[in-house]
Undergrad: 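What follows is a structure written as structure tokens; I'll ask about it next.
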2 protein chains.
Amino acid sequence: MVRMAAQTQPKQSEAKLLVVEDDANILELLSASLRFAGFDVSTATSGSAAVSAAKNTTPDLVVLDVMLPDLDGFEVIRLMREGGQRTPVVFLTARDGTDDKIRGLTLGGDDYVTKPFSLEELTARIRAVLRRTTQGDDEPSRLVFADLELDEETHEVYRAGQRVQLSPTEFKLLRYLMLNANRVLSKAQILDHVWKYDFRGDDNIVESYISYLRRKVDNVQPRLIHTLRGVGYVLRKPAV
Amino acid sequence: MVRMAAQTQPKQSEAKLLVVEDDANILELLSASLRFAGFDVSTATSGSAAVSAAKNTTPDLVVLDVMLPDLDGFEVIRLMREGGQRTPVVFLTARDGTDDKIRGLTLGGDDYVTKPFSLEELTARIRAVLRRTTQGDDEPSRLVFADLELDEETHEVYRAGQRVQLSPTEFKLLRYLMLNANRVLSKAQILDHVWKYDFRGDDNIVESYISYLRRKVDNVQPRLIHTLRGVGYVLRKPAV
DNA sequence: GCTTGCCTGCACGGTGCCTGAAAGTTTTCT
DNA sequence: AGAAAACTTTCAGGCACCGTGCAGGCAAGC
């Protein structure tokens with residue numbers, strides 16, 4: 001009897017996040033999905049509001065849009081840290097332009113994600129930064145399911161002990177499947193989480209990448225990636 | 001024209017729903033059957049009315065047509081959640097050519113159903129979302145009747161411990177029978193709940209699917225699916 | 001025995017999914 | 001900077017499965 005209890009929430013750290021973003025749609029997107037991922041989320045829509053919110057709520061991490069109406073992201077951080085608190089940051093930044101300043105900040109243990117991003121990308125970065133900055137490393141960086149292993153830091157993947165090379169998208173898809181092992185995921189759900197939020201293609205791309213993944217990591221017994229026709233895909237050990 | 005027999009209420013969570021839909025026919029269909037399914041239903045026919053209704057009645061879940069005369073579904077959600085309440089949503093969306101706007105519907109534990117849908121499909125999604133977003137998950141995802149087991153999340157079905165593979169329609173029909181175990185269901189009733197609301201075929205298809213189900217899940221003793229000639233079908237343990 | 005309702009085998013067309021290939025894009029290398 | 005490689009995305013053919021209608025046969029009840 002190997003049936004697993006259905007879990008309702010992805011298991012995540014219950015860290016306090018402050019999300020700072022002036023675009024209302026993106027803010028809603030972020031707060032809804034980060035909250036669902038198990039984070040304790042508060043929000044701000046301007047730099048000055050962010051500074052005072054950070055003083056009051058002392059978040060464990062700040063998700064910060066670099067481009068804000070009043071202050072720019074770096075100013076916000078400078079002001080926040082003047083009070084002595086050394087809160088880690090994940091920046092949200094537009095693709096071009098100020099890459100240099102951002103790059104410098106990653107040296108201090110912070111990180112950044114360029115817009116448009118996928119939610120898996122963002123939550124992966126958040127978890128990585130929290131993992132790094134939290135002493136007493138509770139969360140391991142290695143996901144394991146059956147004889148499948150995936151290292152979130154080194155991006156190495158093994159199936160049955162064999163090293164497998166994956167492209168960036170293949171890696172993100174597999175990580176999403178592994179984080180949600182035994183849970184059925186629809187193509188829409190996969191698209192919403194693994195692909196960038198501005199992707200305007202159709203579901204078939206998910207089928208393509210499932211196909212690529214099967215060829216690379218699911219070409220041995222037992223098969224772990226299963227199709228549920230009309231429903232979605234699921235990563236699980238075959239029924240007895 | 002929804003045919004409904006007089007019967008006692010199916011046991012369901014007594015959750016408060018807000019149904020937002022501008023098509024009067026569909027709104028009537030939805031509110032009648034969801035009310036009958038045991039939900040506490042209130043309605044709105046425009047986005048702005050929905051926002052204020054949500055503020056006043058604080059529903060546990062919102063059933064929301066994406067295409068509304070005034071605001072689009074995302075705007076409605078954003079405005080509703082600005083007050084800090086995190087209400088889950090099941091979106092209703094048209095499945096025509098320009099699939100443009102159907103991204104982001106599965107984020108934050110929300111879900112969506114494409115028109116035309118069947119009522120069972122919709123209530124199944126509603127229950128799934130409520131199950132996911134309610135802490136202290138009381139409702140299990142597994143239906144059990146005699147030695148028949150059906151998992152709503154993984155779509156697995158077992159009879160007498162044996163795994164059985166069902167097609168999507170077979171699965172929906174069996175779920176409907178199990179949710180209404182010991183209750184006699186007419187063919188018209190089954191058609192109204194399990195088939196999409198625009199289905200214009202004849203009753204014989206129900207007979208066909210009952211036949212398929214019997215072959216797959218009722219081929220052992222004791223027989224659970226019974227015909228009441230001239231009346232309908234019922235799932236029950238043989239008479240005492 | 002006859003009528004009526006139900007059961008089920010069969011066939012046809014549609015749908016969902018898989019995958020190879022090509023086109024378009026980004027990244028890396030020289 | 002330009003060329004090459006790797007990667008992402010789209011397209012189309014193929015295949016298995018599924019939904020639906022039809023029709024012949026069977027069982028129940030008058």
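Within every chain, numbering begins at 1; the chains are lettered A, B, ... in the order of the sequence lines, protein sequences first and strands thereafter. Fair warning: this is a prediction, and the values are worked out from it, not measured in the lab.
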Undergrad: Using whole Å, what does the distance between atom P of nucleotide D/dT8 and atom CD1 of A/Ile210 come to?
TA: 14 Å
Undergrad: So, is B/Trp195 close to the D/dG19 phosphate, meaning a side-chain N or O under 4.0 Å from OP1 or OP2?
TA: no
Undergrad: In terms of side-chain heavy atoms, does B/Asp111 have a donor or acceptor partner in B/Thr106 at a distance below 3.5 Å?
TA: no
Undergrad: Looking at B/Thr169, I'd like to know whether one of its side-chain N or O atoms comes within less than 4.0 Å of OP1 or OP2 on D/dG19.
TA: yes
Undergrad: Out of C/dC18, D/dT10, C/dC7, which has the shortest distance to the side chain of B/Thr227?
TA: C/dC7
Undergrad: Could you check whether A/Phe171 gets within reach of a base, just the sugar-phosphate, or nothing at all, counting any heavy atom under 4.0 Å?
TA: nothing
Undergrad: Looking at B/Arg215, does any N or O in its side chain come under 4.0 Å of the phosphate oxygens OP1/OP2 on C/dT8?
TA: no
Undergrad: What is the distance from CG of A/Leu213 to C1' of D/dT8, rounded to the nearest Å?
TA: 14 Å
Undergrad: So, is B/Lys187 near the phosphate of C/dC6, with a side-chain N or O under 4.0 Å from OP1 or OP2?
TA: yes
Undergrad: Check the interface with nucleotides 11-17 of chain D: list each N/O to N/O pair with the protein under 3.5 Å, or write none.
TA:
{"residue": "D/dC11", "atom": "N4", "partner": "A/Asn204", "partner atom": "OD1", "Å": "3.2"}

Undergrad: When the distance from OH of B/Tyr212 to P of D/dG21 is rounded to whole Å, what number comes out?
TA: 12 Å
Undergrad: Quick one: is C/dC6 close enough that its OP1 or OP2 comes under 4.0 Å of any side-chain N or O from B/Tyr209?
TA: no
Undergrad: Round to a whole Å and report the spacing from CD1 of A/Ile190 to C1' of C/dC17.
TA: 13 Å
Undergrad: I need the CD-C1' distance between B/Glu170 and D/dT20, as an integer number of Å.
TA: 13 Å
Undergrad: Is the A/Tyr176 to A/Trp195 ring centre distance short of 6.0 Å?
TA: no
Undergrad: So what does B/Phe199 touch, heavy atoms closer than 4.0 Å: a base, only the sugar-phosphate, or nothing?
TA: sugar-phosphate
Undergrad: Would you confirm whether the ring centroid of B/Phe171 sits within less than 6.0 angstrom of the ring centroid of B/His155?
TA: yes
Undergrad: Whole Å only: how far is the NE2 atom of A/His155 from the C1' atom of D/dA6?
TA: 17 Å
Undergrad: Measure from NZ on A/Lys196 to P on D/dT9 and round the result to the nearest Å.
TA: 8 Å
Undergrad: A/Leu191 has an atom CG; how far is it from atom P of C/dC17, in whole Å?
TA: 13 Å
Undergrad: Between atom CZ of B/Phe91 and atom CD1 of B/Ile77, what is the distance when rounded to the nearest 0.5 Å?
TA: 4.5 Å
Undergrad: Just wondering, are more than 12 heavy atoms of other shown residues or ligands nearer than 6.0 Å to CD in B/Gln162?
TA: no
Undergrad: Please determine which of B/Arg132, B/Arg131, B/Arg125 meets the salt bridge (charged side-chain N to carboxylate O under 4.0 Å, His left out) test together with B/Glu153.
TA: B/Arg131
Undergrad: Determine which pairs satisfy salt bridge (charged side-chain N to carboxylate O under 4.0 Å, His left out) with at least one residue from residues 171-180 of chain A, sequence neighbours left out, and list them in order.
TA: A/Glu121-A/Lys172, A/Glu152-A/Arg175
